[in-house]
Every structure is written in structure tokens, then in C-alpha cells.
There are 2 protein chains.
Amino acid sequence: MAAMREPTFLILTALADGPRHGYGVIKDVSELSAGRITLLAGTLYTALDRLTAEGLVEPDHEERVDGRLRRYYRLTDTGRTALAERAAELQRAARIARTRLRANPGTA
Amino acid sequence: MAAMREPTFLILTALADGPRHGYGVIKDVSELSAGRITLLAGTLYTALDRLTAEGLVEPDHEERVDGRLRRYYRLTDTGRTALAERAAELQRAARIARTRLRANPGTA
DNA sequence: GGCCGATAGGTAGATCATTGATATATAGTC
DNA sequence: GACTATATATCAATGATCTACCTATCGGCC
């Protein structure tokens, strides 16, 4: 399992809220990143396939709404653990960065 | 300027502590990531060149210690701003992820 | 004197997650 | 009829990172 990049992290975070279908993940990631990040369809579906293969995510169920198929995914326990570890790492690194920036202000 | 990935973020964080030379950055990144990430020389020097070209980092000065050259780099104001923004983003995303995991515990 | 590990900087090619583009399909709006 | 939003999917290209090299100095060891 290669390094988890940001889009992947955000996808797992979206699914941490409960099962969601692909398009729902895209919407949620957009919200939770304050509109900064819009997942492209290509990024999402390839990531979902990869995460399924890695066992971090699994299909939940399918719905048909207005003739359109919705395929829901959910986090596995492995996925929950991976996300928790990753979130802790990111929080730690971000805190260090901010502490250092405060302690060592530049020209500005 | 493409998306800032983790090694890049860690390099900027290392330099937020004050000017450091390449090898010093590698050591610092190893510490501040709790040993999880060991920057390879290839990653570091290509990133340093790219960040210099992007204006986030600039050469500080050179020293000769025991016959070995040390090339120091420092953050520019642009680099400080970029790091601060990135750190805030990561902290926000990590907090949301952890909140969701707590609110919505899995099978475990 | 020769070898090794740590320090220090550097380059070239490969990897692979992400991006951008494209395709398909339905329903509603102009 | 054209367009937008929803929804899933595939594929080639991009590019930051990784792997694997290279050079060189210093100190310790045998």
C-alpha cells in the first residue's frame, strides 16, 4: 500500500460519515475541504477500485434512483484504522508546522 | 504550482525552524515524522530545486565543515504563507476525520 | 594502508496516484 | 434541441516521488 495522498484521505474521510455513493463522495469532499478540492470522476472511481482491492473500502449496496444506479461504499475496519492513523499523523505534522511558524516569524 | 504532497510539506516544515542544509532537512523530517518518513536524497534535492524555482525556498548561504560543503536553504515569505495555509488545511481535514470516526465507530 | 559508516550533494529512469479528457445514460430546465 | 446536474466508468498523460546510482570527505577500526 503506497503512501496515502490527499484525495485518497478525503475519500476515506467522506466515507467515515457513513456509506456514500461515488457522486455523494465528490460532493462531500468538496464541502469538507471548504470548496478547495473538487474530486474529478477519474480520481474517485480509480481510487475506489484501488481502495477496495486494498481492503480499506467495500461495496455496501446499490440503489436505483430515477433510473440512475447508485453504488454505495463503506469503510472496512482496516480502512477505519488506516484513516485514524493517517489523521493523527497529519494533525501532528500540521501542529508542528504551525508551532514553528509562530515561534519563528519571517520578514512579514 | 501543483498540489503540495507530504514530503514537500515536511521539507517546508523543516525549514520553518530556520535555515538548514539538505542533509539537515533529511534528519529533521525523520524526527518530526516520528521516524515514519525518511526522505531520500533524490526526493530532497529535486524538491529543493523545484521549490526554489517556485519561489517558496531560496539559498541562504554555504559553509565548509570538515571539508564538506553545506548548502543552506531558507523559507521565503511566499513559502511561509504557503506552509501556513497548507498546515491549516491539513489540520482542519484531520480534525474532521477524527470527529467523524469518533461519532461513527465501526465494528471495532 | 584499506575498509566501512556517516555525512553531504547530485542525477536518471521508473513508479504510480492523480489529472484531464472522453463516453454513456437519465431527468429536468430553457 | 441544447444544456445542466446526476451518476458511473475508462484511458492516456502528467509529475511528484522513489529507487538506484554516483562522487567525495571524514573518522574509526583493523
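Chain letters run A, B, ... following the sequence lines, proteins first, then strands; residues in each count from 1. Computed from a predicted structure; not experimentally measured.
Residues of residues 86-97 of chain A that place a heavy atom closer than 4.0 Å to DNA chain D do not occur. The stretch residues 21-29 of chain A touches DNA chain D through A:H21, A:G22, A:Y23, A:K27, each having a heavy atom under 4.0 angstrom from the strand.
The distance from the OH atom of A:Y45 to the CG atom of A:L40 is 12.0 Å, given to the nearest 0.5 Å.
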Distances under 3.5 Å only, N/O to N/O: pair up the protein atoms with those of nucleotides 22-26 of chain C.
| residue | atom | partner | partner atom | Å |
| --- | --- | --- | --- | --- |
| C:dT26 | O3' | A:D66 | O | 3.4 |
| C:dT26 | O2 | A:R68 | NH1 | 2.4 |

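In this structure, the side chain of B:S30 does not engage the main chain of B:I26 through any donor-acceptor pair within 3.5 Å. B:R5 places no side-chain N or O within donor-acceptor distance of the main-chain N or O of A:R5, the cut-off being under 3.5 Å.
Two residues, A:T46 and A:R70, neighbour DNA chain D, and the one matched to the more 5' nucleotide by heavy-atom proximity is A:R70. Of the two residues near DNA chain C, A:T43 and B:R71, the one whose nearest nucleotide lies more 5' is B:R71. Closest-nucleotide positions on DNA chain D for A:G42 and B:T38 were compared, and the one nearer the 5' end corresponds to A:G42.
Between A:R102 and A:R98 the shortest side-chain heavy-atom distance falls below 4.5 Å. Put simply, the side chain of A:R74 does not reach to within 4.5 Å of the side chain of A:L15, judged on heavy atoms. Between B:V25 and B:Y73 there is no side-chain heavy-atom pair separated by less than 4.5 Å. In this structure, A:L101 and B:L83 have side chains that are in contact, with non-hydrogen atoms separated by less than 4.5 Å.
At C:dA8, none of the side-chain N or O atoms of B:R64 fall inside 4.0 Å of OP1 or OP2 (strictly under the cut-off).
With respect to the salt-bridge test (charged N to carboxylate O, under 4.0 angstrom), the residues B:R92 and B:E89 do not qualify. One finds no salt bridge joining B:E85 and A:R36 here, because no Lys/Arg side-chain nitrogen approaches an Asp/Glu carboxylate oxygen to under 4.0 Å. A salt bridge is absent between A:D60 and A:R70: the closest approach of a Lys/Arg side-chain nitrogen to an acidic carboxylate oxygen does not fall below 4.0 angstrom.
For A:E62 and D:dA7, the CD to P distance is 14 Å, given to the nearest whole Å. Following rounding to the nearest Å, B:E6 (CD) and D:dG15 (P) show an atom-to-atom distance of 22 Å. Between B:L69 atom CG and C:dA8 atom P the separation is 10 Å, expressed in whole Å. Here the C1' atom of nucleotide C:dC16 and the CG atom of A:L51 are 14 Å apart, to the nearest Å. Atom CD1 in B:I37 sits roughly 14 Å away from atom C1' in D:dA16 (whole-Å rounding). What separates CZ of B:R5 from C1' of D:dT14 is a distance of 10 Å, to the nearest Å. Atom P of nucleotide D:dT8 and atom CZ of A:R20 are separated by 13 Å, given to the nearest angstrom. Summarising the geometry, the separation between CG on B:L44 and C1' on C:dT7 is reported as 14 Å, rounded to the nearest angstrom.
The two residues A:A94 and B:A87 have their closest heavy-atom pair at CB-O, 3.5 Å.
Looking at heavy-atom distances under 4.0 Å, B:L40 makes contact with a base.
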Check: Would A:R50 and A:T8 satisfy side-chain hydrogen bond (donor to acceptor under 3.5 Å, both in side chains), going step by step from the backbone distance to the final call?
Finding: CA-CA 10 Å; A:R50 177 171 41 84; A:T8 301; 3.2 Å; yes

